[in-house]
Amino acid sequence: MQRGVRRNTNRIMFPEVRISQSLIQNIMKGVIIILCLYIAVKCVNLMTADKAKEVGVQVVSDTSKMLAKEIVENGSVMSRYMLYVENHASMTEAAKKEVLDQIVSEYISHSEYTYDTSDPGYSQVINLIYENAGHQQEEPTTVPEETTKKKEEKSVKTAANVIVPMPKVQGKLYTADNIGSFDSVINKFYIITAATTIKESDMPVKAAMNEEFKIKGNNKKPQILIYHTHSQEDFSNSSGDDSTTIIGVGERLTKILEDQFGYNVIHDKSEYDLVDGKLDRNEAYDQSREGVKKILEKYPSISLILDIHRDGVNEGTRLVTEVNGKSTAQVMFFNGMSRFKTTGDIDYLYNPYLYENLALSLQMKVNAEAYYPGFARHNYVNAYKYNLDLCKQSMLIEVGAQTNTYQEARNAAEPLARLIDIVMGKKKK
């Protein structure tokens, strides 16, 4: 034992320092109490966090179930999905979910919902809807013959309402930076008649490419108007029934814009080129102008106007391409300059929306070049106004010509509807 240190059973002694054993015991007790309190607080926090997380998960689950239930009960959404699956029997489960995701997200984007489809809970919405669709696909083991017959008739009737898939980029994707100069754009994409001219100041290309176009509002009120200044234009195999004329093309376009993309569309089938039951196109634009103005007065929520025509070409000319495996009439976007080449601007045909008209048709054309090469002909520019001043977002579109079949013209409504949504939809593609 070292000198200067003595040991007994009651205390430890150092020179000048004396600590009682009872003090050490009290300190240890204090430390233990503090540790116990710390652990208790941690446990409470963890339990609270778990409870909050549980509540959060429950909220997401309840929201997902509510949204899924509303969408499932929306017949148009489910019927579009089921019809697509019916027409693509070989699809994998993953592909089916992808299509369902696209249909639902498009529906949400064009409805009054503010649901964020990037939210993690959205996958639960899709799963719930998918499970419901699976139950809907189940058929009873025995089906009455009459029920089967009705189902077959319905399938035939709705076979034309196949979903228009989102196209992949197949051509050149033009932007304001790579589209080139005004002159190169005119040479590449336009036909200008000898009666008129177009100036760079009419359509500054970069500004036109960057111009924002939107179909406004939600589908609670009319958003789009489709009409036909020349309602009697027909096709090579038209039967005399409206469904086989340009009106039938307008009706097909209306249905796709409504059923797939969720827009509220008015299709005006007025016969503006008939006078006393006889074809007379001399006053057709004046007549359609009055008709459209009345519709706009009644429905000021309309933000896009489409005047759908078909062209007239030499009998040996066939304006046809293939889109999604279908023989499809080509389209042409038509602009009026309200200007004669020799005498200048036509004051009585003034159009305050000339720039917007030109920019919109340019964007439609370049998007067609990217997604459906060969579908859109050169944009056509002539001298007059063609009622394009009635709305900032107006287009006159020629669908095919008299040498096309009406089936080819109706098929053209599918890529045309998709292009409208690409350029003007809430979610730009």
Side-chain angles (χ1 to χ4, degrees), residues 191 193 195-196 222 224-235 238 240-254 257 265-299 302-313 319 329-338 346 348-354 356-358 360-361 364 377 379-402 404 406 409-410 412-413 416-417 420:
I191 294 175
T193 69
T196 193
I224 302 171
L225 170 63
I226 295 174
Y227 74 104
H228 311 275
T229 295
H230 296 159
S231 67
Q232 302 304 298
E233 291 176 329
D234 57 10
F235 300 94
S238 293
D241 186 89
D242 281 354
S243 65
T244 66
T245 69
I246 196 62
I247 290 179
V249 176
E251 187 63 17
R252 177 73 176 130
L253 180 60
T254 298
L257 289 170
V265 184
I266 291 178
H267 184 201
D268 177 19
K269 302 177 185 178
S270 301
E271 298 172 329
Y272 294 117
D273 51 350
L274 288 183
V275 178
D276 297 328
K278 296 181 180 179
L279 184 66
D280 185 349
R281 291 185 176 149
N282 292 326
E283 305 295 328
Y285 278 99
D286 290 336
Q287 297 294 337
S288 64
R289 184 178 186 82
E290 292 308 309
V292 170
K293 285 172 70 176
K294 288 178 181 177
I295 294 172
L296 293 178
E297 287 172 5
K298 186 175 181 179
Y299 302 108
I302 291 171
S303 61
L304 173 63
I305 299 178
L306 306 173
D307 187 4
I308 306 297
H309 293 246
R310 70 109 174 99
D311 204 359
V313 297
L319 304 175
Q330 294 173 301
V331 300
M332 182 172 70
F333 304 108
F334 195 109
N335 286 107
M337 296 303 300
S338 299
I346 307 170
Y348 66 90
L349 295 180
Y350 175 67
N351 179 1
Y353 303 128
L354 176 62
E356 287 85 359
N357 295 164
L358 290 166
L360 179 54
S361 63
M364 291 290 289
R377 300 157 63 194
N379 286 9
Y380 194 85
V381 179
N382 206 357
Y384 300 98
K385 185 168 59 172
Y386 307 101
N387 291 335
L388 293 172
D389 64 314
L390 290 174
C391 181
K392 184 180 291 188
Q393 298 180 157
S394 293
M395 286 189 282
L396 192 161
I397 306 172
E398 303 271 7
V399 179
Q402 85 281 6
N404 286 99
Y406 75 84
R410 280 171 55 85
L416 182 56
I420 289 169

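Values below: all heavy atoms of this structure, side chains included; hydrogens, waters and symmetry mates excluded.
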Check your understanding: Mind checking whether Tyr285 and His309 have parallel, tilted or perpendicular rings, split at 30° and 60°?
Key -> parallel
Review point. Does a side chain donor of either Asn357 or Ser394 reach within less than 3.5 Å of an acceptor in the other side chain?
Key: no
**Study point:** Distance, nearest 0.5 Å, that separates OG1 of Thr229 from CG of Asp273
**Key:** 8.5 Å
Review point. Can you find a pair of side-chain heavy atoms, one from Val275 and one from Asn282, that are under 4.5 Å apart?
Key: no
Check your understanding: Of all residues at least two apart in sequence or in a different chain, which pass the salt bridge (Lys or Arg N to Asp or Glu O under 4.0 Å) check with Glu251?
Key -> Lys269
Review point. Is any side-chain heavy atom of Phe333 closer than 4.5 Å to a side-chain heavy atom of Ile397?
Key: yes
**Study point:** Donor-acceptor contact present, side-chain Gln330 to main-chain Arg377, <3.5 Å
**Key:** no
Practice item. Could you please spell out the steps behind the side-chain contact (heavy atoms from CB on, under 4.5 Å) verdict for Met337 and Leu358? Key: CA-CA 9 Å; Met337 296 303 300; Leu358 290 166; 4.1 Å; yes
Review point. Will you find, in the side chains of Ser338 and Asn351, an N or O donor that is under 3.5 Å from an N or O acceptor?
Key: no
Revision key, fill the gap. Here the pair of heavy atoms bringing Asp311 nearest to Val313 is OD2-CG1, 4.0 Å
Check your understanding: Measuring from Ile420:CD1 to Gln393:CD, what's the distance to the nearest 0.5 Å?
Key -> 11.0 Å
Check your understanding: What is the distance from atom CG of Leu354 to atom CG of Asp389, rounded to the nearest 0.5 Å?
Key -> 10.5 Å
Exercise for review: Give the C-alpha distance, both sets of side-chain angles, the deciding distance and a yes or no for side-chain contact (heavy atoms from CB on, under 4.5 Å) between His267 and His228.
Suggested key: CA-CA 9 Å; His267 184 201; His228 311 275; 2.8 Å; yes
Revision key, fill the gap. Rounded to the nearest 0.5 Å, the CG atom of Leu396 sits from the CG atom of Leu306 at a distance of 9.5 Å
Check your understanding: For the residue pair Phe235 and Asn404, what are the closest heavy atoms and their distance?
Key -> CB-O, 3.1 Å
Practice item. Please name the pair of heavy atoms, one in Thr244 and one in Tyr406, separated by the smallest distance, quoted to 0.1 Å. Key: O-CB, 3.4 Å
Exercise for review: Identify whether the distance between the nearest side-chain nitrogen and carboxylate oxygen of Asp307 and Arg289 falls below 4.0 Å.
Suggested key: no
Review point. Atom CG of Leu296 and atom CD1 of Ile305: how far apart are they, to the nearest 0.5 Å?
Key: 4.5 Å
Review point. Taking all atoms of both residues into account, what is the closest heavy-atom pair of Leu304 and Cys391, and its distance?
Key: N-SG, 4.4 Å
Review point. Within the distance-only criterion (no hydrogens, no angle test), does the side chain of Asp276 pair as donor or acceptor with the backbone N or O of Lys278 below 3.5 angstrom?
Key: no
Check your understanding: Side chain of Thr245, backbone of Ile247: donor and acceptor closer than 3.5 Å?
Key -> yes
Exercise for review: Enter the distance from Leu225:CG to Ile266:CD1 here, rounded to the nearest 0.5 Å.
Suggested key: 6.5 Å
**Study point:** Minimum-distance pair of heavy atoms, taken over all atoms of Asn335 and Leu388
**Key:** CA-CD1, 4.2 Å
Review point. Of all residues at least two apart in sequence or in a different chain, which pass the salt bridge (Lys or Arg N to Asp or Glu O under 4.0 Å) check with Asp268?
Key: none
Review point. Which residues pass the side-chain contact (heavy atoms from CB on, under 4.5 Å) test with Asp286, sequence neighbours left out?
Key: Glu283
**Study point:** Donor on one side chain, acceptor on other, Asn387 and Ser288, under 3.5 Å
**Key:** yes
Review point. Under the criterion side chain to side chain contact (heavy atoms under 4.5 Å, CB included), which of Gln287, Gln232, His230 is the partner of Glu271?
Key: Gln232
Review point. Does Tyr384 offer a backbone N or O that forms a donor-acceptor pair with the side chain of Asn382 under 3.5 Å?
Key: no
Point to revise | Nearest heavy-atom neighbours spanning Thr193 and Tyr380 | key: CG2-OH, 3.1 Å
